[in-house]
Amino acid sequence: PATAGAKGGRKKQMASKEIIAQKEQLVSEVAEKISKAKSIVLVNHCGLTVEQDTALRVDMRKANVEYKVIKNSILLRAFEKCGLTGYEKVFEGPTAAAFSYEDTVAGAKIAVENGDKTKKLELKGGVIEGKAATIEEVKVLASIPPKPVLLSQLLGLLTAPMRNLAVVLSEIAKKSA
């Protein structure tokens with residue numbers, strides 16, 4: 001009986017070492033996602049229906065945003081590994097993370113719009129360009145127009161002086177004739 005207990009103890013010890021190794025691997029994978037992301041939005045997804053959650057995931061996927069539910073302990077360790085601290089309170093309760101790798105605004109915009117629509121998705125904070133972001137900062141990020149709209153607005157601003165000069169020259173030419 002003493003040997004059986006010793007063997008059983010070794011199995012448990014080996015199993016826990018495997019679990020720890022798996023968790024460390026998961027922390028490293030999440031830390032890599034954090035370091036690659038232009039922005040990360042953290043939300044409490046509790047209360048969403050299956051349909052609402054599916055619609056949210058579809059919207060995120062269309063915008064090339066990776067949306068995952070990850071254990072708080074894993075997220076906290078990964079954030080700390082990336083030098084992001086002070087998230088202990090953020091990682092209380094259910095947490096999902098939206099990683100935006102291409103468009104900094106996309107994840108925030110989808111999360112805020114979905115939260116407004118369903119009244120069930122709650123912002124918890126995030127990371128913008130490697131810096132901690134409050135709920136308010138995520139909302140401000142979400143209010144920024146998409147990149148194509150910003151580019152067209154910039155183009156409009158750049159061409160306005162030339163257009164105004166052309167109008168003035170045209171009016172002068174009409175008066176002269």
Side-chain angles (χ1 to χ4, degrees), residues 22-23 25-161 163:
Q22 288 173 350
K23 286 185 178 182
Q25 175 65 31
L26 191 54
V27 167
S28 294
E29 289 172 12
V30 174
E32 188 177 331
K33 291 177 191 299
I34 293 167
S35 64
K36 286 182 180 179
K38 289 187 177 183
S39 69
I40 304 162
V41 178
L42 303 166
V43 297
N44 178 343
H45 57 92
C46 221
L48 289 179
T49 65
V50 173
E51 292 81 17
Q52 291 168 334
D53 186 60
T54 302
L56 173 64
R57 289 174 185 275
V58 167
D59 289 345
M60 293 282 190
R61 208 172 301 118
K62 284 180 184 174
N64 292 322
V65 176
E66 184 177 358
Y67 178 78
K68 288 195 167 288
V69 176
I70 304 171
K71 282 186 166 189
N72 288 336
S73 59
I74 302 293
L75 278 170
L76 186 59
R77 287 187 188 128
F79 269 61
E80 288 173 350
K81 189 172 184 174
C82 292
L84 297 163
T85 56
Y87 281 86
E88 292 81 6
K89 293 230 186 283
V90 174
F91 296 132
E92 290 177 358
T95 306
F99 300 93
S100 298
Y101 300 111
E102 297 168 16
D103 183 359
T104 308
V105 178
K109 187 174 286 302
I110 293 167
V112 168
E113 288 173 357
N114 193 285
D116 290 345
K117 187 170 41 177
T118 64
K119 305 290 186 225
K120 293 179 183 172
L121 190 72
E122 176 188 337
L123 290 176
K124 296 176 87 173
V127 178
I128 302 170
E129 299 289 339
K131 297 198 176 21
T134 63
I135 293 169
E136 292 74 29
E137 290 169 328
V138 171
K139 287 181 179 179
V140 168
L141 178 65
S143 69
I144 296 173
K147 191 174 183 178
V149 174
L150 285 175
L151 289 174
S152 66
Q153 289 174 347
L154 178 63
L155 186 60
L157 286 172
L158 293 173
T159 59
R163 196 173 332 121

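Basis for what follows: all heavy atoms, side chains included, without hydrogens, waters or symmetry-related copies.
With sequence neighbours left out, the side chain to side chain contact (heavy atoms under 4.5 Å, CB included) criterion links K36 to E32, Y101. Judged as a side chain to side chain contact (heavy atoms under 4.5 Å, CB included), and not counting sequence neighbours, the contacts of T134 are E136, E137. The side chain to side chain contact (heavy atoms under 4.5 Å, CB included) search around D103 returns V105, A106, not counting sequence neighbours.
L42 and V90 get closest at one heavy-atom pair: CD1-CG1, 3.8 Å. When all heavy atoms are compared, the tightest approach of S100 to G107 is OG-N, 3.2 Å. Listed here is the closest heavy atom pair of I74 and V30: CG2-CG2, 4.0 Å. Residues I135 and G125 share a closest heavy-atom pair of CG1-N, 3.9 Å. Of all heavy-atom pairs between F91 and N72, the closest is O-ND2, 2.9 Å. Of all non-hydrogen atoms in V65 and A98, the two that sit nearest each other are CG1-CB, 3.7 Å.
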Check residues 109-116 and write down every donor-acceptor pair under 3.5 Å in which the side-chain atom is one partner and the other belongs to a residue at least two apart or another chain.
from, atom 1, to, atom 2, distance (Å)
K109, NZ, A142, O, 2.6
K109, NZ, I144, O, 3.1

Name every donor-acceptor pair, under 3.5 Å, that has one atom in a side chain of residues 54-61 and the other anywhere in the protein, sequence neighbours excluded.
from, atom 1, to, atom 2, distance (Å)
T54, OG1, V50, O, 2.8
R57, NE, D53, OD2, 2.9

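In this structure, the separation between CD on E29 and CD1 on I70 is 10.0 Å, given to the nearest 0.5 Å.
Judged by distance alone, the side chain of K38 and the main-chain N or O of E102 form a donor-acceptor pair under 3.5 Å.
Looking only at side-chain heavy atoms (C-beta outward), Y87 and T95 stay at 4.5 Å or farther from each other. Side-chain contact between L84 and V127 is present, with at least one heavy-atom pair separated by less than 4.5 Å. A heavy-atom distance below 4.5 Å is found between the side chains of H45 and L121. Side-chain contact between K33 and I40: absent, with no pair of heavy atoms (C-beta onward) separated by less than 4.5 Å.
Applying the salt bridge (charged side-chain N to carboxylate O under 4.0 Å, His left out) definition to pairs two or more places apart or across chains, none involves residues 74-95.
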